[in-house]
Amino acid sequence: MPLRVYNTLSRQKEDFQTVESGKVSMYLCGPTVYKPAHIGHMVGPVIFDTIKRYLTYSGYNVTWVVNITDVDDKLINRANEKGITVEALAKEMTQDYFDNLKTMAVDGIDHFPYATQHIKEMQEIIATLIEKGFAYPLDGDVYFNCTRDEDYGKLSGRSLEQMLAGTRAETHGGKRHPADFALWKGSKPGEPAWESPWGPGRPGWHIECSAMAKKILGDSIDIHGGGLDLMFPHHENELAQSESCTGKPFARYWMHNGLMQASGTPGKVGGGHDKQGDRPADLAAAKEAQEANKLAGSKGAASVKELFSRHDPETIRFFLLATHYRSPIDFSDERISETGKALEGFYRLFETYERVAGNSFYSLKVATKRSESAVLHGEPAAYFHELNELRRRYLESMDDDFNTGGAVGVLFDLRKTLNAFISDHKLDSASAEKGQVPSLTAGMTLLKELALMLGVFREAKQKAASTDDGTLDGLMQLVIQIRADARKNKNFAVADLIRNKLNELKITLEDRTDQTLWRKG
RNA sequence: GGCUCCGUGGCCAAGUGGCUAAGGCAACGGAUUGCAAAUCCGUCAUCGUCGGUUCGACUCCGACCGGAGCCUCCA
């Protein structure tokens with residue numbers, strides 16, 4: 001079954017066909033680096049990182065570009081507020097962005113072009129557009145001429161007439177059409193400025209992406225991604241200016257990810273038959289609360305770094321991928337904690353595997369290409385048949401517009417299969433059927449192969465080693481020994497007291513037939 | 001007002017024109033355990049409402065109700 005991708009341009013899933021066979025060029029609109037990233041900024045990178053992993057696994061050679069917008073009104077304003085230069089602010093926030101990507105295990109980005117380093121390329125595009133009649137200078141600015149662009153609006157499904165009807169904002173004096181947007185903005189004194197044929201100024205918002213995508217990936221790219229909020233006007237305008245400039249299709253597939261939303265917004269509770277919301281006062285309050293809860297642009301949205309202090313980044317990544325990328329994600333601490341609980345089961349399985357097989361799940365060697373991933377054979381046949389079936393289902397989900405939610409479901413099924421296998425053959429006990437361990441390893445290897453495409457379970461968790469030099473474990477072994485003696489003497493009151501007190505300290509004991517294990521949490 | 005999109009079990013969330021509507025969290029029953037924990041086995045939905053198309057719809061179309069986003073340089 002071929003890979004299918006939902007294309008915003010056609011509003012449907014299409015068979016995936018690249019411009020150049022075997023290669024994929026991918027451009028994702030990156031951040032304007034004016035404030036610390038919040039969780040919403042990580043959605044795109046995590047999703048497209050996963051997409052790249054899957055495409056690479058599927059045999060494509062992928063080049064992925066994410067731009068850094070380091071000149072913009074927001075930057076100028078913020079820098080002024082903080083009393084620092086635009087460059088200093090941009091540098092600081094870019095580093096913040098990079099740190100967050102690393103923590104989120106997003107490592108597939110090949111190029112990070114900076115807007116300020118591509119002014120020349122932008123000016124070239126603007127000059128070409130003027131030459132072709134798609135743009136006109138006006139008092140030091142340059143505007144794109146929307147009316148000249150026959151299919152303007154094709155991405156977001158708007159027509160110029162509609163936009164005219166909806167606009168009541170005053171338009172810049174000489175603009176020929178209210179929808180015309182700035183390619184070049186003449187600068188006011190004190191603002192960052194570059195020389196240009198139209199006077200000193202800085203680039204408009206959309207032109208940077210056109211310029212950098214063209215320079216690094218060529219006139220026609222395969223995948224252009226970004227948040228749904230960028231579809232209009234950003235992507236629409238980017239598309240318009242790029243195609244008007246080159247006369248070629250700009251991007252084959254436009255992919256838009258859903259936006260992060262804070263949960264607890266009024267109206268969500270009550271199931272729709274709640275009459276309380278009908279009173280105007282409540283409606284107003286609800287609206288206000290929604291604004292406050294809205295993540296995008298909200299000053300109150302927690303930074304990613306702050307979030308990392310409360311949740312494991314792997315959990316956050318898994319959480320983001322458990323929902324389809326085109327759906328809005330309902331974000332809350334509770335949701336993430338729930339995901340954390342779900343992941344516990346995997347970590348338990350990895351520990352069990354290490355006890356059973358004597359080597360770490362994380363050190364298993366796996367196929368990194370679909371073509372290298374062989375169909376599994378072995379005994380028991382039913383078990384191997386199931387493994388192959390799960391693998392098939394997983395790839396089928398991913399082939400269907402990168403349905404990571406479905407793929408995640410398969411991972412849980414695989415976990416269950418492996419746990420059942422361990423249970424059936426008593427592998428985690430003194431009476432283990434040792435001959436079955438290689439079969440377990442085959443299943444664990446499959447689990448790792450599939451998980452790696454999502455960018456999870458890549459390496460073992462750091463065991464808070466910084467604050468513990470082994471003293472705690474030594475102490476725990478002592479306590480466990482004392483408790484074991486008590487149990488042997490049927491002094492369960494003492495044994496239970498120890499266990500309960502440890503529970504209060506967030507330490508859990510597991511009595512197995514041959515030993516007692518402990519863990520935090 | 002215009003343009004997109006969504007409404008699946010207590011909560012979250014995949015999916016499909018007809019064969020058992022994934023999975024997670026929670027809950028419940030059983031196995032196991034001194035009791036727990038972990039694990040295993042099992043139970044728990046007719047898919048917002050009303051119409052229509054169809055041999056057949058949760059899946060397609062329409063209306064309605066409810067929700068979200070964009071139309072204001074937010075990923």
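Naming: A, B, ... by sequence-line order, numbering from 1 per chain. Values reported hereafter were calculated over all heavy atoms of this structure, with side chains retained and with hydrogens, waters and symmetry mates removed.
- The partner of B:A37 cannot be assigned: no Watson-Crick or G-U wobble pair with both contacts below 3.5 Å exists in any strand.
- On the C1' atoms, B:C71 is 35 Å away from B:A57, given to the nearest whole Å.
- The side chain of A:Arg335 approaches B:C11 more closely than any other nucleotide in the set B:A75, B:C3, B:C11.
- Considering only side-chain atoms of A:Glu338, the nucleotide from B:A38, B:C11, B:U16 that sits closest is B:C11.
- In the set B:G34, B:U16, B:A22, the nucleotide with an atom closest to the side chain of A:Asp400 is B:U16.
- For A:Phe361 and A:Tyr353, the ring centers are positioned 6.0 Å apart or more.
- Of the residues A:Phe48, A:Trp64, A:Phe98, the one that meets the side-chain contact (heavy atoms from CB on, under 4.5 Å) test with A:Ile109 is A:Trp64.
- Atom-to-atom, CG of A:Asp229 to P of B:A75 comes out at 7 Å; the value is rounded to the nearest Å.
- Using N1 to N3 plus N6-O4 or O6-N4 for Watson-Crick, or N1-O2 and O6-N3 for G-U wobble, each under 3.5 Å, B:C60 pairs with B:G52.
- Distance noted for atom P between B:G51 and B:U59: 14 Å (whole Å).
- The side chain of A:His38 has B:A75 as its nearest neighbour among B:G15, B:C71, B:A75.
- Rounded to a whole angstrom, the distance from the C1' atom of B:C19 to that of B:C3 is 40 Å.
- The base of B:C40 has none of its N or O atoms less than 3.5 Å from a complementary donor or acceptor on the side chain of A:Asp424.
- Base contact: A:Phe492 has a heavy atom under 4.0 Å from a base atom.
- Among the heavy atoms of the strands lying under 4.0 Å from A:Arg158 is at least one base atom, whether or not backbone atoms are also near.
- Separating the P atom of B:A22 from that of B:U16 is a span of 13 Å, rounded to the nearest Å.
- Separating the C1' atom of B:C47 from that of B:A14 is a span of 13 Å, rounded to the nearest Å.
- Here B:G23 presents its P atom at 14 Å from CD of A:Glu389, a figure rounded to the nearest Å.
- Residue contacts shown for A:Gly227 are limited to sugar-phosphate atoms, with no base heavy atom under 4.0 Å away.
- One finds a side-chain N or O of A:Asn403 lying less than 4.0 angstrom from the OP1 or OP2 phosphate oxygen of B:G15.
- A:Thr50 contributes atom OG1, which lies 4.0 Å from atom CG of A:Leu321 (distance to the nearest 0.5 angstrom).
- Of the listed nucleotides (B:U4, B:U39, B:A75), B:U4 has the atom at the smallest distance from the side chain of A:Met231.
- A straight line from CH2 of A:Trp254 to C1' of B:A75 spans 14 Å, rounded to a whole angstrom.
- We find that A:Asp511 and A:Arg483 are joined by a salt bridge, their nearest charged nitrogen and carboxylate oxygen being less than 4.0 Å apart.
- The residue A:Asp428 sits apart from the nucleic acid: no heavy atom pair falls under 4.0 Å.
- For the pair A:Phe181 CZ and B:C71 P, the computed distance is 15 Å after rounding to whole Å.
- Outside the 6.0 Å centre-distance limit, the rings of A:Tyr114 and A:His118 are not counted as a close aromatic pair.
- Nearest to the side chain of A:Asp330, among B:C12, B:G34, B:A75, sits B:C12.
- Salt bridge present: A:Asp496 and A:Arg499 bring a charged side-chain N and a carboxylate O closer than 4.0 Å.
- Judged by closest nucleotide on RNA chain B, A:Thr323 is the one of A:Thr323 and A:Gly405 placed further toward the 5' end.
- Note on ring orientation: taking the six-membered ring where Trp is involved, the planes of A:Phe402 and A:Tyr54 are perpendicular (angle over 60°, cut-offs 30° and 60°).
- Within 4.0 Å (heavy atoms only), A:Arg499 reaches at least one base atom of the nucleic acid.
- Using a 4.0 Å cut-off, no side-chain N or O of A:Asn419 falls inside it from OP1 or OP2 of B:U39.
- B:A26 makes up no base pair with any nucleotide shown, lacking Watson-Crick or G-U wobble contacts both under 3.5 Å.
- Comparing A:Thr508 and A:Gly30, the nucleotide of RNA chain B nearest to each residue sits closer to the 5' end for A:Thr508.
- If you take CG of A:Leu497 and C1' of B:G34, they are 16 Å apart, rounded to a whole angstrom.
- When rounded to the nearest whole Å, the span between CG of A:Asn257 and C1' of B:A75 equals 7 Å.
- Within the nucleic acid shown, A:Leu228 has no heavy atom closer than 4.0 Å to any nucleic acid atom.
- Distances shorter than 4.0 Å separate some side-chain N or O of A:Lys416 from OP1 or OP2 on B:C41.
- To the nearest angstrom, P of B:U39 lies 8 Å from CZ of A:Arg519.
- Atom P of B:C65 sits at a distance of 15 Å from the matching atom of B:U49, rounded to the whole Å.
- Out of B:G24, B:U39, B:C71, the shortest distance to the side chain of A:Ala342 is found at B:G24.
- A:Lys74 comes within 4.0 angstrom of the backbone, heavy atoms only, and of no base.
- Ion pairing between a basic and an acidic side chain is recognised when a charged N comes within 4.0 Å of a carboxylate O; A:Lys341 and A:Glu338 show no such pairing.
- When each of B:A75, B:G34, B:A22 is scored by its nearest atom to the side-chain atoms of A:Val43, the top-ranked nucleotide is B:A75.
- At a threshold of 4.0 angstrom between heavy atoms, the contacts of A:Arg393 are confined to the sugar-phosphate backbone, with no base atom among them.
- Within 4.0 Å (heavy atoms only), A:Thr513 reaches no atom of the nucleic acid at all.
- In the set B:A22, B:A75, B:A38, B:A22 carries the atom at the smallest distance from any side-chain atom of A:Asp413.
- Residue A:His324 is classed as a sugar-phosphate contact, given heavy-atom separations below 4.0 Å to backbone atoms only.
- The side chain of A:Lys341 lies closest to B:A26 when the candidates are B:A75, B:A37, B:A26.
- B:U46 and B:A36 are spaced 33 Å apart, taking the P atom of each and rounding to whole Å.
- Atoms CG (A:Leu160) and P (B:C3) sit 15 Å apart, rounded to a whole Å.
- Across all strands shown, the partner of B:A68 is B:U4, judged by Watson-Crick or G-U wobble contacts whose two distances both fall under 3.5 Å.
- A:Arg202 comes within 4.0 angstrom of no nucleic acid atom, judged by non-hydrogen atoms across all strands.
- B:C64 sits 23 Å from B:U54 when the P atoms are compared, rounded to a whole Å.
- Classified by interplanar angle (parallel below 30°, tilted 30° to 60°, perpendicular above 60°), the ring pair A:Phe346/A:Phe457 is tilted.
- Ion pairing between A:Arg202 and A:Asp73 holds under the 4.0 Å rule for side-chain N and carboxylate O.
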